[in-house]
A.B. asks: 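One structure follows; several queries about it will come next.
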Amino acid sequence: MALLTDTVSSNTTSIAAGSGFQSQQIFTSSGTWTKPSGITKIKVTVVGGGGGGSAWDSSDDNPMGGGGGGASIEVIDVSSISSVAVTIGAAGAGSSTNADGSAGGTTSFGSYLQATGGGGGSRSNGSPSAAAGGVGSNGDINFTGQKGSGGMDQYSNQSNGGMGGNSLLGFGGAFMQRNNNAQAGTGFGGGGGGMNGSGSPTGGVGSAGIVIVEEYK
């Protein structure tokens, strides 16, 4: 099964001959991109936040991992643009005992492109729906993050938490044996793992999004 699905727009934006890469700005918290002198085009990559994993304290349940954040990439002509607002999608929180995880936040580069966060993992002793991956939009290339997975039975009637979904630049929290701590998403936009265990289990937190701006002239 593919980890990520993607769509490619019909628009093609090229960097003019004789131009070249000059610099880049990386945002892991919200702020403002300000164009350096002489820059005429930028390549922007955005990744949404990963969803948090769910948790359950029974032995016959199926806590899900959070979904991976979506992603989008676009080349933008900034000849007449001086600055753009940047919003970074927050990591989805892992749930407390017997609760769903929280969805990751949306990452955006002004109104040019965005990527929604992965869904929070659900908890159920039946057949819960997989946490959806986030979706990129408005870019030249758009990616959908991987869904969070359900738990697996290592022993009869002893479920384990599910894995978080991957993103373009992040990995979901790993599958862990029952009663071990749920794992957080890593990189950018990874979903948190689900947790099944006695006591007060907690789902893994997702990882926050990112914006990367590569600058050319």
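FYI, the numbering just counts along the sequence from 1. Note that these values count all heavy atoms, side chains included, but never hydrogens, waters or copies made by symmetry.
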A.B. asks: Within a strict 4.5 Å, meaning less than it, do heavy atoms of the I76 and F109 side chains meet?
C.D. replies: yes
A.B. asks: Is there a side-chain contact between P36 and K217 in this structure, where contact means two heavy atoms from C-beta onward sitting under 4.5 Å apart?
C.D. replies: no
A.B. asks: Is any side-chain heavy atom of W33 closer than 4.5 Å to one of E215?
C.D. replies: yes
A.B. asks: Does V211 reach the side chain of V44, with side-chain heavy atoms less than 4.5 Å apart?
C.D. replies: yes
A.B. asks: Show the nearest heavy-atom pair for residues G67 and A131, with the distance to one decimal.
C.D. replies: N-CB, 3.5 Å
A.B. asks: To the nearest 0.5 Å, what is the distance between OG (S149) and CE (M64)?
C.D. replies: 6.5 Å
A.B. asks: Report yes or no: does Q146 contribute a side-chain atom to a donor-acceptor pair with the main-chain N or O of N166 at less than 3.5 Å?
C.D. replies: yes
A.B. asks: So, does S207 use its side chain to make a donor-acceptor pair with the main chain of G190 at under 3.5 Å?
C.D. replies: yes
A.B. asks: Tell me whether F188 is reachable from F143 by hopping between hydrophobic residues (I, L, V, M, F, W, Y) whose side-chain heavy atoms are closer than 4.5 Å.
C.D. replies: yes
A.B. asks: Calculate, to the nearest 0.5 Å, the distance between atoms CD and CD1 belonging to Q22 and I42 respectively.
C.D. replies: 14.0 Å
A.B. asks: Are the side chains of T87 and S30 in touch, meaning some heavy atoms are under 4.5 Å apart?
C.D. replies: yes
A.B. asks: For A55 and S96, work out which heavy atoms get closest and say how close.
C.D. replies: CB-O, 3.8 Å
A.B. asks: Can you find a pair of side-chain heavy atoms, one from S54 and one from S122, that are under 4.5 Å apart?
C.D. replies: no
A.B. asks: Taking side chain as C-beta onward, heavy atoms only, is I73 less than 4.5 Å from K43?
C.D. replies: yes
A.B. asks: What pairs of residues pass the salt bridge (Lys or Arg N to Asp or Glu O under 4.0 Å) test when at least one of them lies in residues 90-115, not counting sequence neighbours?
C.D. replies: D100-R123
A.B. asks: To the nearest 0.5 Å, tell me how far N138 CG sits from S111 OG.
C.D. replies: 8.0 Å
A.B. asks: Do you know the tightest heavy-atom contact between G189 and S167?
C.D. replies: O-CB, 3.4 Å
A.B. asks: Could you measure the distance from the CD1 atom of I81 to the OH atom of Y112? Nearest 0.5 Å is fine.
C.D. replies: 3.0 Å
A.B. asks: Under a 4.5 Å side-chain heavy-atom rule over Ile, Leu, Val, Met, Phe, Trp and Tyr, are V135 and L113 clustered together?
C.D. replies: no
A.B. asks: Roughly how far, to the nearest 0.5 Å, is OG1 of T144 from CG of L168?
C.D. replies: 11.5 Å
A.B. asks: Measure across A182 and G193 and return the closest heavy-atom pair with its distance rounded to 0.1 Å.
C.D. replies: CB-O, 3.6 Å
A.B. asks: State which residues pass side chain to side chain donor-acceptor pair (under 3.5 Å) with S29; sequence neighbours excluded, sorted by chain then number.
C.D. replies: none
A.B. asks: Could you check whether any side-chain N or O of S72 sits under 3.5 Å from a backbone N or O of V46, counting only pairs where one atom can act as donor and the other as acceptor?
C.D. replies: no
A.B. asks: Transitively linked via ILVMFWY side-chain contacts under 4.5 Å: V205 with L169?
C.D. replies: no
A.B. asks: Apply side chain to side chain donor-acceptor pair (under 3.5 Å) to S79 and list each qualifying residue two or more places apart in sequence or on a separate chain.
C.D. replies: D77
A.B. asks: Measuring from Q114:CD to S137:OG, what's the distance to the nearest 0.5 Å?
C.D. replies: 4.0 Å
A.B. asks: Under 4.5 Å between any side-chain heavy atoms of I210 and T107, yes or no?
C.D. replies: no
